[in-house]
Asker: 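I am attaching a structure below and will ask some questions about it afterwards.
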Amino acid sequence: MAPRALWKGQLRLSLVSIPVEIFSATKTGARVSFRQIHEPSGERIRYQKVAKGVGPVKSDDIVKGYEVGDEYVLIEPEELEEIWLETKKTLELVQFVDACEIPPLYFDKPYYIVASDDLAADAYRVVRDALRAADKVGLGQLTMRGKEYLCAIKPCGDGLLLETLHYADEIRNADPLFSGMEDAESDEELLDVATTLIEKKTKPFHAEAFEDSYDQALRKLLDAKVKNKKTPRASADKDEGDGEDNVVDLMSALKQSLKEEGGGSSSRRKASGSKSSASKPSSSGPGRGKSKTAASRKKAS
C-alpha cells in the first residue's frame with residue numbers, strides 16, 4: 001500500500017513555487033513490539049480517556065485546555081484552525097547554509113519531499129541539482145500536525161530530503177553537564193594510540209553493515225516460544241473498535257477473580273461507593289472548573 005502524504009503544499013524558491021508532498025522517511029513496525037496482557041484473564045490491556053467524576057468520555061467531547069494557575073482555559077478546534085500561517089501550505093527556502101554548518105544535535109526527524117506531478121518535476125530537479133552543486137542546505141519552515149517546524153532541505157539520491165530541526169530554545173545547555181571536565185591536555189602517548197586506532201577503523205559509512213542484534217535474538221526467542229506448545233497463550237482480540245466491550249469483559253473477569261479470592265468484597269465495594277458518592281469535589285481544583293465550563297457550554301448549545 002502506498003504511503004500517505006503527511007503534508008501537501010508548495011516548495012518555494014524566490015518566485016518559483018513547486019507543488020510537493022512530504023512523506024515520512026522512517027517506518028514503524030520494523031522492530032518487534034509487544035501488547036500488554038492481563039495475565040489472569042488473558043485479555044489485552046486497553047486505555048480509555050476518562051474524566052474525573054464522569055468516567056469514559058467520547059472523543060467528540062474533548063477539547064484542548066491550557067493550564068493557568070488552578071484552572072484550564074478551553075480552546076475549541078475551530079479556534080486553532082483559524083490561526084493563519086503561510087507555512088501551512090508553503091515551505092519557502094529563506095536561507096542557505098553550508099552542509100556541515102548545522103550541529104547534529106539540532107536534527108530531529110527525516111522526511112522525503114516528492115514532486116506532486118510530472119509538471120512539477122523539472123523545477124524540482126533544478127532545485128535538487130542547484131543545492132548539490134552549491135553543497136548547501138536550504139532552510140525554511142512549515143506547519144504540520146499542529147506545529148510549525150524549522151526545516152533543512154538537502155539533496156538525497158534522486159530526490160530531496162527534509163529534516164526537521166529543533167529550535168534553539170529546545171536545546172538543553174550542555175555546560176552544566178560537562179562542567180566537571182577539565183581543559184587539561186590528554187596524555188600524548190595515549191592520544192597517539194587512540195588516534196591510530198581510529199584511523200585503522202575508519203571506512204565509508206554503510207548503514208547495511210549494522211544490524212540490530214537484540215531484535216534478531218528477540219525474534220529467535222519468539223520463534224522458539226511460538227513453536228513450543230507449552231508456552232502460555234492468550235486469545236488475540238481481532239475487534240479493534242472502541243474497546244468498550246473488552247473493558248466490560250475485563251471488568252467481569254476482575255470481579256470474578258475478586259469473588260474467587262474471598263467473600264465480603266462486594267459489600268466493601270458497596271460501602272466504598274456510597275462514601276465516594278457523598279464526597280464533594282474541591283471547588284478550587286482544575287477538575288471542578290473544567291466540569292462547570294463543560295456544563296455551561298452544553299447548556300448554551
Side-chain angles (χ1 to χ4, degrees), residues 5-27 85-116 120-186 191 194-210:
L6 300 177
W7 187 88
K8 295 181 180 181
Q10 305 285 326
L11 175 63
R12 182 184 296 170
L13 175 58
S14 189
L15 298 179
V16 178
S17 293
I18 309 168
V20 297
E21 299 178 353
I22 292 178
F23 299 85
S24 176
T26 58
K27 57 184 179 180
L85 290 172
E86 187 177 0
T87 52
K88 282 187 176 182
K89 290 297 181 182
T90 303
L91 169 55
E92 182 172 6
L93 301 181
V94 297
Q95 182 185 343
F96 298 90
V97 299
D98 290 336
C100 60
E101 193 173 334
I102 305 173
L105 62 87
Y106 278 88
F107 289 101
D108 182 24
K109 189 174 180 182
Y111 298 85
Y112 294 131
I113 304 179
V114 179
S116 295
D122 287 341
Y124 178 94
R125 280 191 286 266
V126 169
V127 172
R128 177 202 64 192
D129 293 345
L131 287 172
R132 181 175 286 126
D135 195 22
K136 300 290 183 181
V137 173
L139 297 179
Q141 291 176 280
L142 70 81
T143 298
M144 179 171 58
R145 295 177 296 191
K147 180 181 178 181
E148 188 173 55
Y149 293 88
L150 175 62
C151 309
I153 294 87
K154 64 182 72 173
C156 177
D158 293 330
L160 289 171
L161 180 71
L162 179 151
E163 292 183 90
T164 54
L165 304 175
H166 294 291
Y167 287 99
D169 60 1
E170 295 178 307
I171 301 298
R172 177 175 289 138
N173 183 11
D175 290 343
L177 300 176
F178 298 147
S179 60
M181 301 296 296
E182 298 178 357
D183 290 334
E185 294 183 2
S186 300
L191 183 59
T195 303
T196 302
L197 182 60
I198 290 173
E199 290 174 349
K200 284 185 176 181
K201 289 181 174 290
T202 297
K203 60 179 67 175
F205 172 72
H206 296 289
E208 299 80 5
F210 298 87

Asker: Closest heavy-atom contact between Trp7 and Lys88?
Answerer: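 Heavy atoms of Trp7 and Lys88 come nearest at NE1-O, 3.1 Å.
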Asker: Let's go through Thr143 and Tyr149 carefully: what are the C-alpha distance in whole Å and the side-chain angles of both, what is the deciding distance for side-chain contact (heavy atoms from CB on, under 4.5 Å) to 0.1 Å, and is it a yes or a no?
Answerer: CA-CA 6 Å; Thr143 298; Tyr149 293 88; over 6 Å; no
Asker: State the SG-CG distance between Cys151 and Leu162, to the nearest 0.5 angstrom.
Answerer: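 Rounded to the nearest 0.5 Å, the SG-CG separation comes to 4.5 Å.
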Asker: Would you indicate whether the side-chain heavy atoms of Met144 and Tyr111 approach each other to under 4.5 Å?
Answerer: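 Yes; the side chains approach each other to less than 4.5 Å.
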Asker: Would you give me the side-chain donor-acceptor pairs under 3.5 Å for residues 132-141, sequence neighbours excluded?
Answerer:
unit_1	atom_1	unit_2	atom_2	d
Arg132	NH2	Gly157	O	2.7
Lys136	NZ	Asp98	OD1	2.4
Gln141	NE2	Tyr167	OH	3.0

Asker: Taking side chain as C-beta onward, heavy atoms only, is Ser17 less than 4.5 Å from Glu92?
Answerer: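 A side-chain contact is absent here, since even the closest heavy-atom pair is not under 4.5 Å.
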Asker: Applying salt bridge (charged side-chain N to carboxylate O under 4.0 Å, His left out), can you list everything that pairs with Lys147, at least two apart in sequence or on another chain?
Answerer: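 Here the qualifying residues are Glu170.
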Asker: Quick check: closest heavy atoms across Arg145 and Leu6, and the distance to 0.1 Å?
Answerer: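 Closest approach of Arg145 to Leu6, heavy atoms only: NH1-CD1, 4.5 Å.
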Asker: Looking at OH of Tyr106 and CG of Leu150, how far apart are the two atoms once the value is rounded to the nearest 0.5 Å?
Answerer: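 Between atom OH of Tyr106 and atom CG of Leu150 there are 10.0 Å.
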Asker: Check each of Leu160, Leu11, Leu142, Val114 against Ile22 using the side-chain contact (heavy atoms from CB on, under 4.5 Å) test, and report the only one that passes.
Answerer: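 For Ile22, the side-chain contact (heavy atoms from CB on, under 4.5 Å) check succeeds only for Leu142.
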Asker: For the backbone of Thr26 and the side chain of Ser24, can you confirm whether one donor and one acceptor N or O come within less than 3.5 Å of each other?
Answerer: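 Present.
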Asker: Are Thr87 and Leu91 side-chain neighbours, meaning at least one heavy-atom pair lies under 4.5 Å?
Answerer: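 Of all side-chain heavy-atom pairs linking Leu91 with Thr87, none is under 4.5 Å.
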Asker: For Ala120 and Ile18, work out which heavy atoms get closest and say how close.
Answerer: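 Smallest interatomic distance, heavy atoms only, reads O-CG2, 3.6 Å.
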Asker: Restricting to non-hydrogen atoms, name the atom on Leu165 and the atom on Ala152 that form the minimum distance, rounded to 0.1 Å.
Answerer: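 So the two residues come closest at CD1-CB, 4.0 Å.
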Asker: Can you name the closest pair of heavy atoms from Tyr112 and Cys156 and give their distance?
Answerer: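 So the two residues come closest at CE2-SG, 4.4 Å.
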Asker: To the nearest 0.5 Å, what is the distance between CD1 on Ile113 and CG on Leu161?
Answerer: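 So the CD1 of Ile113 and the CG of Leu161 are separated by 7.5 Å.
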Asker: For Arg172, is the CZ atom crowded, meaning more than 12 foreign heavy atoms sit under 6.0 Å from it?
Answerer: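 No, CZ of Arg172 has 12 or fewer neighbouring heavy atoms, counting only those of other groups under 6.0 Å.
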Asker: About how many Å separate CD of Gln10 and NZ of Lys89, when rounded to the nearest 0.5 Å?
Answerer: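 Answer rounded to 0.5 Å: 9.5 Å.
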Asker: Determine whether Leu105 and Ile171 make a side-chain contact, defined as any pair of heavy atoms from C-beta on separated by less than 4.5 Å.
Answerer: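 Side-chain contact under 4.5 Å: yes.
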Asker: In Å and rounded to the nearest 0.5 Å, what is the CG to CZ distance from Asn173 to Phe178?
Answerer: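 Here the interatomic distance stands at 10.0 Å.
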Asker: Starting at CD of Gln95, measure out to CG of Leu93 and round the result to the nearest 0.5 Å.
Answerer: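 Gln95 CD to Leu93 CG: 11.0 Å, rounded to 0.5 Å.
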Asker: Of all residues at least two apart in sequence or in a different chain, which pass the salt bridge (charged side-chain N to carboxylate O under 4.0 Å, His left out) check with Asp158?
Answerer: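 None.
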Asker: For a side-chain contact (heavy atoms from CB on, under 4.5 Å) check, start with the C-alpha distance between Arg12 and Glu86, then their side-chain angles and the critical distance, and finish with the verdict.
Answerer: CA-CA 11 Å; Arg12 182 184 296 170; Glu86 187 177 0; 2.9 Å; yes
